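Here is the structure we will look at, set down as structure tokens.
Values in this document were obtained by computation on a predicted structure and should not be read as measured data. Whatever order the structure lists ligands and atoms in, that order sets their numbers, starting from 1.
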Amino acid sequence: MAERTPIMAGNWKMHRDHLEAIQLVQKLAYHLEEQDYEGQDVVVCPSFVSLRSIQTLIQSDRLPIQLGAQNCHSEDEGAFTGEVSPPMLKRLDVAYVLAGHSELRALLDETDEIVNAKVAAIRRHGMRPILCVGETKEEREAGQALEVVVSQLRGSLAGIEVTDDDAEEVVIAYEPVWAIGTGLTATPEDAQEMCAAVRTELASLYGQAVADLMRVQYGGSVKAGNVRSLMAQPDIDGALVGGASLSSEDFALIVGHRRAS
Ligand code: PEP
């Protein structure tokens, strides 16, 4: 079985101004131990206005924390008021960019086509997309979870090449919409089943060897109390964490899930 580098990412959404964001990262770094970074990617995704401050902090304190952005436009520049382009993010040393988060799919009608263009742009500029997919409560209850997720994967990854050389650079986050910010978490078994299905679809797109190297995160009310059972699943390679990443103590416990208790 392929060795995949776990990726633990915090999505702060529209929380924390840049001063609060600095404090949050400083405290997170204080709570984390050297071993927490070993063989594991630790990522924070603050709002756009905090990226420069966090970039400077990471650089000056030589923190092994990586910077993520919550979104981007697919064009390099142009008359797109209020948008932020991939080259702008690259200049800020952003390593990861979320694409297709369910809140943007729902609130801004982001389609797979739009998400696909963003994924392509993120890759073109040498950053790593975290492509979010997941079904709603209604879709799950109607037995359509798998179909929805497979269709989102196919649409959002259309024309995106992944080889065994860059398989770790395209990350999928399986985030059931009904579990995001609700306190409801998929059971480890259900999360595993869906993440395994994601990998099966990746295998049909890129071949089994590449799919075995690609990272599939679970997201949806991940907390210190459930992270271990989720991370123990063979097809779950990390967590995308919203609410719990806003507390440095809680996020450090999640990131530090491998420590002996
Ligand atoms: C998210 O925003 O991607 C998320 C998973 O949020 P939460 O952990 O709060 O459910």
Side-chain angles (χ1 to χ4, degrees), residues 6-16 20-21 24-25 28 41-48 50-51 54 65-72 94-108 110 112 115 118-119 122 128-137 139-140 145 148-149 152-153 156 170-188 190-192 194-195 198 215-231 233 235-257:
I7 167 170
M8 310 304 280
N11 170 18
W12 299 349
K13 312 190 187 195
M14 199 174 72
H15 297 289
R16 306 291 185 260
E20 294 165 333
L24 188 46
V25 173
L28 176 65
D41 290 337
V42 181
V43 182
V44 292
C45 305
S47 78
F48 287 135
S50 302
L51 286 174
I54 303 301
I65 293 174
Q66 302 186 64
L67 194 53
Q70 297 176 18
N71 188 20
C72 69
V94 165
Y96 290 90
V97 187
L98 302 185
H101 192 280
S102 61
E103 286 155 14
L104 297 183
R105 289 181 189 263
L107 298 174
L108 299 181
E110 210 170 69
D112 288 333
V115 175
K118 290 185 179 190
V119 171
I122 295 163
R128 301 172 167 199
I130 298 180
L131 168 63
C132 305
V133 295
E135 80 285 358
T136 62
K137 184 168 175 278
E139 289 162 343
R140 172 152 282 263
V148 167
V149 164
Q152 287 174 336
L153 283 170
S156 308
V170 176
V171 179
I172 311 297
Y174 166 64
E175 296 211 300
V177 179
W178 48 270
I180 297 180
T182 58
L184 300 171
T185 317
T187 63
D190 285 350
Q192 161 59 23
M194 290 301 290
C195 290
V198 166
R215 296 177 293 175
V216 182
Q217 291 177 300
Y218 168 79
S221 299
V222 174
K223 298 190 171 46
N226 59 26
V227 66
R228 283 199 180 144
S229 53
L230 289 162
M231 290 300 291
Q233 304 303 317
D235 284 291
I236 299 182
D237 309 313
L240 181 53
V241 186
S245 70
L246 293 170
S247 152
S248 56
E249 288 90 345
D250 290 350
F251 193 46
L253 287 172
I254 292 170
V255 173
H257 65 98

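- Of the possible polar contacts, one joining the Ser221 side chain to the Ala179 backbone as a donor-acceptor pair under 3.5 Å is found.
- Between Cys72 and Ile122 there is a side-chain heavy-atom pair separated by less than 4.5 Å.
- Taking CG of Leu230 as the reference point, atom OG1 of Thr187 lies at 8.5 Å (rounded to 0.5 Å).
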Item to check | From CA spacing to verdict: side-chain contact (heavy atoms from CB on, under 4.5 Å), Phe251, Leu24 | outcome: CA-CA 10 Å; Phe251 193 46; Leu24 188 46; over 6 Å; no
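- Counting only heavy atoms from C-beta outward, the side chains of Cys195 and Gln233 never approach each other to under 4.5 Å.
- No side-chain donor from either of Asp112 and Gln152 sits under 3.5 Å from a side-chain acceptor of the other.
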Please tabulate protein-ligand N/O pairs under 3.5 Å for ligand 1, atom names and distances to 0.1 Å.
{"from": "ligand 1", "atom 1": "2 (O)", "to": "Asn11", "atom 2": "ND2", "distance (Å)": "3.3"}
{"from": "ligand 1", "atom 1": "2 (O)", "to": "Lys13", "atom 2": "NZ", "distance (Å)": "2.7"}
{"from": "ligand 1", "atom 1": "2 (O)", "to": "His101", "atom 2": "NE2", "distance (Å)": "3.1"}
{"from": "ligand 1", "atom 1": "3 (O)", "to": "His101", "atom 2": "NE2", "distance (Å)": "2.9"}
{"from": "ligand 1", "atom 1": "3 (O)", "to": "Glu175", "atom 2": "OE1", "distance (Å)": "3.0"}
{"from": "ligand 1", "atom 1": "3 (O)", "to": "Glu175", "atom 2": "OE2", "distance (Å)": "2.8"}
{"from": "ligand 1", "atom 1": "6 (O)", "to": "Gly242", "atom 2": "N", "distance (Å)": "3.4"}
{"from": "ligand 1", "atom 1": "8 (O)", "to": "Ser221", "atom 2": "N", "distance (Å)": "3.4"}
{"from": "ligand 1", "atom 1": "8 (O)", "to": "Gly242", "atom 2": "N", "distance (Å)": "2.8"}
{"from": "ligand 1", "atom 1": "9 (O)", "to": "Gly243", "atom 2": "N", "distance (Å)": "2.8"}
{"from": "ligand 1", "atom 1": "10 (O)", "to": "Gly181", "atom 2": "N", "distance (Å)": "2.6"}
{"from": "ligand 1", "atom 1": "10 (O)", "to": "Ser221", "atom 2": "N", "distance (Å)": "2.8"}

